[in-house]
Amino acid sequence: MEVLREVERGEVRCALFDFDGTISLVREGWQGVMIPMMVEILSETPKAESEKEIKAIVTEFVERLTGKQTIYQMIRLAEEVEKRGGKPLDPLEYKRIYHERLSEKIRSRLEGLRSGRIDPEEMRVPGSLEMLEALKERGVVMYLASGTDLPYVLEEAKLIGVDKFFDGRIYGALDQWWDFSKGKLIQQIIEENGLKDNQFVAFGDGFVEIEEAKKVGGIAVGVASDEVRREGINEWKRRRLMEAGADVIVPDFRGHEKLVRYLMAEEK
C-alpha cells in the first residue's frame with residue numbers, strides 16, 4: 001500500500017468500485033482489441049498519418065477515457081475519422097463492431113465460468129472478494145459502476161461471485177448513454193446518503209472514478225493491477241493513477257486487511 005497523501009479517515013460509510021481491472025479480470029486485454037480496431041479504421045482515412053502516429057493518438061485517448069462508457073471512446077473515434085477526411089459510421093456501429101471482436105476474445109472465459117471449468121477466483125483481482133467482505137462486515141454500503149454495458153456487468157459480476165455485495169446497486173452503460181456517468185452516480189450517492197467528504201471512498205484502475213471522487217472531496221484508492229500476471233504492480237497504471245489524484249495506490253487487494261484498517265483508522 002502506497003500512501004500518496006494523508007486524508008481524514010475513519011468515517012467511511014459508502015464505497016464505489018469500478019469493475020473491469022479493479023475487481024474483474026474477465027475483460028482483461030480489451031485495450032488490445034479496441035486500439036488495433038481504431039488504428040485500422042483511422043489508417044483507411046484520406047489524411048491518415050503513419051500507423052505509429054495513429055497508434056500513439058488512439059492509445060492516448062482510449063486510456064484517458066478508460067472508466068467512461070465505451071460509447072465515449074467510439075464518439076472520439078468518429079471525430080478522429082472526420083478530422084482525417086473520412087466519413088464516420090455512427091458511434092453505436094463502431095461500438096457494435098468492437099463488442100463483436102471483444103466477445104471473440106473473452107468467449108472461452110465466460111463459457112468456462114458458466115460451466116464451472118474456470119474457478120471464479122481466477123477471474124477476480126486477487127483479494128477483491130475478501131476486501132468486499134471486510135467492508136460489508138463494517139457496514140459500508142457498496143456500489144459497483146462500470147463503463148461496460150449494464151447487462152454484461154450484471155452477468156459477469158454474478159459469474160465471478162461479487163454481485164451479492166452490492167444488493168442491486170450495480171450500474172453500467174445504458175443505450176441512453178447520456179443518462180449515466182460515474183460523476184452523476186457519485187453525486188447521487190453523496191446526496192442520498194447525506195455524506196461528508198471523508199465518508200465516501202472510490203476504488204478504480206482508471207482516471208474517471210479517481211477524478212470524480214476527488215471532485216466531491218472523497219478518498220480515492222487507485223488499483224494499479226497487473227491483469228495478466230495477477231500479481232505485482234502495473235507501473236503504467238500507477239503513474240496514471242497518481243496523475244488522476246489518487247490518495248492511496250495498491251497493486252490489488254491481497255493486503256486488504258491493512259487497507260481496510262487504514263481507511264477506517266483502525267491501525268494498531
Side-chain angles (χ1 to χ4, degrees), residues 1-24 66-68 125-147 157 162 164-172 180-225 233 237-268:
M1 183 175 79
E2 181 181 11
V3 178
L4 299 174
R5 61 180 61 79
E6 285 293 344
V7 290
E8 192 181 342
R9 299 169 287 122
E11 296 184 42
V12 172
R13 287 173 46 204
C14 293
L16 175 76
F17 284 84
D18 172 47
F19 189 51
D20 297 312
T22 300
I23 290 178
S24 173
T66 293
K68 280 189 169 245
V125 169
S128 50
L129 198 70
E130 294 79 5
M131 180 71 188
L132 294 170
E133 285 171 346
L135 289 176
K136 186 174 183 179
E137 283 170 11
R138 288 162 173 79
V140 176
V141 178
M142 293 177 283
Y143 298 76
L144 185 67
S146 176
V162 300
K164 59 190 175 185
F165 293 100
F166 300 99
D167 296 323
R169 294 179 293 272
I170 297 178
Y171 300 83
F180 169 72
S181 75
K182 287 180 180 174
K184 282 183 184 178
L185 176 58
I186 287 172
Q187 284 293 345
Q188 181 185 320
I189 293 168
I190 300 292
E191 289 165 17
E192 286 181 356
N193 294 281
L195 303 179
K196 294 187 295 184
D197 300 352
N198 64 328
Q199 294 177 329
F200 174 77
V201 60
F203 300 85
D205 72 329
F207 262 93
V208 179
E209 49 278 349
I210 301 300
E211 289 181 331
E212 295 295 342
K214 295 318 296 177
K215 279 182 191 174
V216 299
I219 302 167
V221 178
V223 183
S225 54
I233 204 153
K237 280 190 186 181
R238 176 178 170 272
R239 288 194 300 273
R240 300 286 278 187
L241 291 164
M242 288 173 76
E243 287 173 28
D247 300 307
V248 178
I249 291 182
V250 293
D252 50 42
F253 298 108
R254 280 191 175 93
H256 71 278
E257 292 170 342
K258 183 178 180 182
L259 177 58
V260 171
R261 285 200 304 269
Y262 175 79
L263 292 172
M264 309 301 282
E266 298 170 353
E267 300 103 323
K268 292 176 183 176

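Partners of Asp20 according to the side chain to side chain donor-acceptor pair (under 3.5 Å) rule, which considers only residues two or more places apart in sequence or in another chain, are Thr148. Looking at residues two or more places apart in sequence or on another chain, you find no side chain to side chain donor-acceptor pair (under 3.5 Å) involving Lys68.
Using a distance-only test at 3.5 Å, with no hydrogens or angles considered, no donor-acceptor pair links the side chain of Lys136 to the main chain of Val140. Distance alone, capped at 3.5 Å, is enough to place a donor-acceptor pair between the Ser225 side chain and the Gly21 backbone. Arg5 contributes a side-chain N or O that, together with a main-chain N or O of Gly245, makes up a donor-acceptor pair within less than 3.5 Å.
Here the options are Leu135, Val248, Ile210, the test is side-chain contact (heavy atoms from CB on, under 4.5 Å), and the partner is Phe203; only Leu135 passes. Here the options are Arg261, Arg9, Arg138, Lys258, the test is salt bridge (charged side-chain N to carboxylate O under 4.0 Å, His left out), and the partner is Glu266; only Arg138 passes.
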Query raised in the report: Does the side chain to side chain contact (heavy atoms under 4.5 Å, CB included) test come out yes or no for Leu129 and Val162, once each step is laid out?
Result: CA-CA 7 Å; Leu129 198 70; Val162 300; 4.2 Å; yes

Report task. Starting from the C-alpha separation in whole Å, work towards a yes-or-no answer on side chain to side chain contact (heavy atoms under 4.5 Å, CB included) for Asn193 and Phe200. Result -> CA-CA 10 Å; Asn193 294 281; Phe200 174 77; over 6 Å; no

Query - Asp205 and Arg240: CA distance, side-chain angles, deciding distance, salt bridge (charged side-chain N to carboxylate O under 4.0 Å, His left out) verdict - result: CA-CA 9 Å; Asp205 72 329; Arg240 300 286 278 187; over 6 Å; no

Report task. Please lay out, stage by stage, how Ile219 and Tyr262 fare under the test side chain to side chain contact (heavy atoms under 4.5 Å, CB included). Result -> CA-CA 12 Å; Ile219 302 167; Tyr262 175 79; over 6 Å; no

Report task. In sequence, state the C-alpha distance, the side-chain angles, and the governing distance for Met1 and Val3, and then conclude on side chain to side chain contact (heavy atoms under 4.5 Å, CB included). Result -> CA-CA 6 Å; Met1 183 175 79; Val3 178; 4.1 Å; yes

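For Glu130, the CD atom counts as densely surrounded, since its 6.0 Å shell holds more than 12 non-hydrogen atoms of other residues, nucleotides or ligands. More than 12 heavy atoms of other residues, nucleotides or ligands shown are found within 6.0 angstrom of CD on Glu243.
Across every non-hydrogen atom of Gly217 and Asp197, the tightest pair is O-CB, 3.1 Å. Across Ser181 and Lys184, no two heavy atoms sit closer than the pair OG-N, 3.0 Å.
Interatomic distance, CZ of Phe17 versus CZ of Phe253, reported as 5.0 Å (0.5 Å rounding). Of the inter-residue distances, the one linking Leu195 atom CG with Glu11 atom CD reads 10.5 Å to the nearest 0.5 angstrom.
Lys215 has a carboxylate O that lies under 4.0 Å from a charged side-chain N of Glu212, or vice versa, which qualifies the two as a salt bridge.
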